[in-house]
Each structure stands twice: as C-alpha cells, then as structure tokens.
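Handing you a structure now.
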Amino acid sequence: MKKLSIGLLITLIISCGLIHSEVCETNALRETEQDLLLRSEELQEQIRTVSQNISESRVELDQKKDEKKQVLEAHEIWQKRTEEIRSLLSD
Amino acid sequence: MAEKNRRNTQPAFRLIVTALCVMLIGAGSFYLDQNKKQETLRAHIAQLQSENASLSDSLDQDSETLASLKAEIEELDHAEEKLERAKAEYYETCAQLEEAVVSGNSPHKIAYLTFDDGPYEKTTGKYLDVLKEYDVLATFFQLGKTSDSLDALYHRAYDEGHTIANHTYSHRIRNGIYTSVDAFINDVKKNREFIEDKLGFTTDILRFPGGSSTARSLKDPIVRQLRELGYGYVDWNSATGDGLELLSPQEYRDNVLRKTGNRKLLVVLMHDYSQNTLIALPEIIEGLRAQGYTLLPLFYESSVIQK
C-alpha cells in the first residue's frame with residue numbers, strides 16, 4: 001500500500017508538471033489571441049481611415065478635374081498637334 | 001506487534017491512496033480541459049490570422065488606391081505647367097520640322113499665316129472661326145486696344161493656340177514710333193505690358209509696323225535694343241496685299257497662291273480687318289495645303305524670326 005501511495009504521489013507530481021506546462025501554453029495562446037484581436041481592431045481602424053480618405057480624395061479629384069477641365073482638354077489638343085508634326089517629320 | 005501496526009496504518013494509506021486517485025483523476029480532467037481550450041484557442045488564432053491577413057491585403061490595396069488618387073490630384077495641381085510643357089514640346093517639334101524642311105531632309109514646306117493690326121470687333125472673330133474650321137494655327141500681331149469685346153478676342157486667339165505677337169501698342173507710323181529709337185522701344189514695351197496684363201505671358205516676337213525697312217536708319221539700333229529685350233522680329237515674303245489696296249477676294253487669294261515661288265518657308269502677311277481676305281482665307285488655306293505647305297504658328301526659335 002505504501003509503495004502504491006508513493007507511486008501515485010510521483011504520478012501526481014508529474015501530472016502537476018504537465019498541467020503547469022499546459023496552463024502556460026494556454027496562457028501563451030490567450031496572449032497571442034489578444035494580440036491578434038488588437039491587431040485586427042487596428043487594421044479595421046486603419047481601413048476605415050483609408051476608406052474615408054479615399055472617399056474624400058475622390059471628391060477632391062472630381063472637383064479638380066472639373067476645375068481644370070479646360071486645361072486638360074488644351075493639353076490633349078497640344079499633344080495631338082505635336083503628334084501630327086511628328087508624323088510629318090517621319091515622312 | 002508488526003501485524004498490529006500494519007492494521008493501524010492500513011486505513012490511513014487507503015485514505016491517502018483514495019485521495020491521490022481522486023487528485024489524479026482531477027488532474028487528468030483538468031489536463032483534458034486545458035487541451036480542449038488550447039484547441040479552441042488555436043482554431044480562433046488561425047481564424048484571426050487568416051482574417052488579419054485578409055484585412056492587411058485589403059489595407060494594402062486601399063493604400064495603393066489612395067496613393068494613386070493623391071498622385072492624380074498632384075498631377076492636376078500641376079496641370080498648367082504640364083500644358084506649358086506640352087506647348088513647348090509642340091514648338092520644339094515644329095523647330096525640328098522646320099530644320100528638316102530647310103536642310104532638304106523633309107519633302108514638306110511650311111507656311112506661316114500672319115495677321116496684323118488686330119484685333120477687330122467685326123472681323124477677328126470670323127477669322128478665328130475659319131482658322132478653327134480648317135484646324136490651322138496662325139500668328140496675330142496685335143496692337144494695344146481696349147474694350148470688353150476686344151478683350152474676349154485677345155483671349156480667344158490665345159486660348160485657341162494661335163501665337164500672339166507684338167506689333168507695337170499704337171502702330172503710329174507717321175510722327176510716332178519712327179521718330180526715335182526710344183519712341184519705338186517705348187511703344188513696344190507698352191504693348192508687351194499690355195499683353196502681359198491681358199493674357200499673362202510675355203511676347204517675344206515682333207513685327208515692325210510697315211515692315212522693318214520702314215524704320216530706315218533707326219532699324220539697326222532698334223534691333224539691338226529689341227534683342228536686349230528678348231525680341232526677335234519677322235517681316236514677310238508673301239502677302240495678300242490687303243494692307244495696300246482694296247482688291248477682290250480672288251485677287252488676294254492669287255497674290256498668295258501664285259507667288260509662293262515654291263519657297264520652303266513662307267510668311268504670309270494679311271490683315272484681320274479685311275473682309276475680302278476673310279472671304280479668300282479658306283481658299284488660301286486649301287491652296288497652300290494643295291501646294292504641300294504645312295501651316296504653322298510662328299515661334300521664337302523659327303529661322304524666319306530674326307534675332
């Protein structure tokens with residue numbers, strides 16, 4: 001009976017070691033999970049900010065395109081004229 | 001005695017063994033529970049990693065979109081500079097073509113249509129309409145004139161790509177600009193400032209009212225001063241004659257088309273006040289093109305501009 005008790009005690013001690021290790025592993029996994037959750041929130045926040053910036057930039061771009069419509073058209077016309085002269089040069 | 005001792009300790013050991021067994025069962029159960037939690041956590045972590053990777057990709061794409069939009073906005077901020085560069089590139093290409101024509105490396109010929117003394121309220125707009133219809137860029141040697149409708153014509157000619165050049169402010173040939181070098185130069189400066197105020201650019205091409213020979217002995221000192229002001233000047237080697245006498249549109253047309261002399265570079269003098277030149281202009285354009293001429297606006301680097 002005494003030997004059995006000693007055997008059981010040793011098994012119990014080993015089990016405690018294993019359980020300690022498992023608890024540590026579980027805690028580490030929980031930390032990783034928390035880190036990932038935080039990262040996920042950060043990424044979502046960044047995406048929200050960038051999306052908002054994209055919307056604002058699109059509005060700004062449309063306004064600018066409207067403002068500079070004549071300049072852009074003139075630019076295209078001058079480029080076309082240059083191409084026409086270039087085609088004469090290659091004759 | 002030993003038997004008695006064993007009998008006394010046996011229940012205690014049984015209790016210990018039972019307790020140890022219970023504890024071991026508890027430990028096993030706790031171990032299994034931890035394993036289950038770890039599995040759940042691992043699955044959640046894998047899911048989060050996958051979601052974060054997807055979020056990260058999405059953020060990268062959005063950032064690229066934003067960067068491209070910002071670049072487009074920045075490009076638009078510099079649209080005017082880009083337009084100026086496009087114009088400069090056009091004139092550089094014209095200069096290359098002219099060089100090829102003059103050196104005989106191109107079968108083409110170039111005609112520069114020039115209109116003096118404008119703008120005119122009644123006619124300049126119609127000239128611009130014809131030039132637009134025929135897709136021709138010309139050169140307007142303009143004077144200093146003020147009125148709202150003339151302002152619009154200065155702007156229209158410039159905005160449609162024609163070269164705006166200096167023809168002095170007053171064009172006063174008699175008892176005016178040719179009385180002294182200073183009188184001439186001051187009139188040129190006045191018109192330069194006038195055009196700068198109106199159109200926001202500095203002219204660098206000039207035509208003497210009546211042509212450079214009208215300046216007689218003042219020509220050389222005037223040219224020296226013009227050079228210092230950054231001006232080149234140009235006369236002409238072809239004209240409708242509309243500044244000299246009233247002829248029919250057909251005669252104005254023939255004056256140009258029958259007297260080209262197959263020159264490689266033609267500078268045609270016309271006046272945008274003439275109704276008959278206006279009538280002749282489409283045929284002049286078509287006729288010059290039929291003779292192989294490419295119609296271009298004047299530019300400072302052109303060899304016909306004397307510097």
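Every chain is numbered from 1, with letters handed out A, B, ... down the list of sequences.
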Q) Quick one: what part of A:Leu72 sits under 4.5 Å from any heavy atom of chain B, side chain, backbone, both or neither? A) side chain
Q. Which pair of heavy atoms, one from A:Ile54 and one from B:Asp62, lies closest together, and at what distance?
A. CD1-O, 3.4 Å
Q: May I ask you to decide if the ring planes of B:Tyr90 and A:Trp78 are parallel, tilted or perpendicular, using 30° and 60° as cut-offs?
A: perpendicular
Q. Counting distance only, does the side-chain N/O of B:Gln38 pair as donor-acceptor with the main-chain N or O of A:Glu22 below 3.5 Å?
A. yes
(Q) Does B:Glu51 form a side-chain contact (heavy atoms from CB on, under 4.5 Å) with A:Arg39? I'd like the steps, not just the answer. (A) CA-CA 10 Å; B:Glu51 279 173 13; A:Arg39 178 72 186 138; over 6 Å; no
Q) Are B:Ser106 and A:Asp91 close enough, and set up right, to give a side-chain contact (heavy atoms from CB on, under 4.5 Å), and what steps lead you there? A) CA-CA 7 Å; B:Ser106 170; A:Asp91 285 346; 5.8 Å; no
Q) So, B:Lys70 and A:Glu60, do they make that salt bridge, N to O below 4.0 Å? A) no
Q. Does a salt bridge link A:Lys68 with B:Glu80, judged by any charged N lying under 4.0 Å from a carboxylate O?
A. yes
Q. What closest approach, in Å, do B:Gly161 and A:Arg81 show between heavy atoms, and which atom pair accounts for it?
A. CA-NH1, 4.1 Å
Q | Nearest non-hydrogen partners of B:Ile45 and A:Leu29, listed with the distance | A | CD1-O, 3.3 Å
(Q) On a heavy-atom basis, which atom in A:Ser57 and which in B:Leu66 lie closest, and how many Å separate them? (A) OG-CD1, 3.5 Å
Q. Between B:Arg42 and A:Glu25, does at least one N-O distance fall below 4.0 Å, as a salt bridge requires?
A. yes
Q. Based on non-hydrogen pairs under 4.5 Å, which of B:Tyr31, B:Tyr91, B:Phe30 is most in contact with chain A?
A. B:Tyr31
Q | Least distance between heavy atoms, B:Ser63 atom then A:Val50 atom | A | N-CG1, 3.9 Å
Q.
Salt bridge or not between B:Glu72 and A:Lys65? Use side-chain N to carboxylate O under 4.0 Å.
A. yes
(Q) Which heavy atom of B:Cys21 sits nearest to which heavy atom of A:Leu8, and what is that distance? (A) SG-CD1, 3.8 Å
Q | When B:Leu137, B:Asp135, B:Asp159 are compared by non-hydrogen pairs under 4.5 Å with chain A, the top option | A | B:Leu137
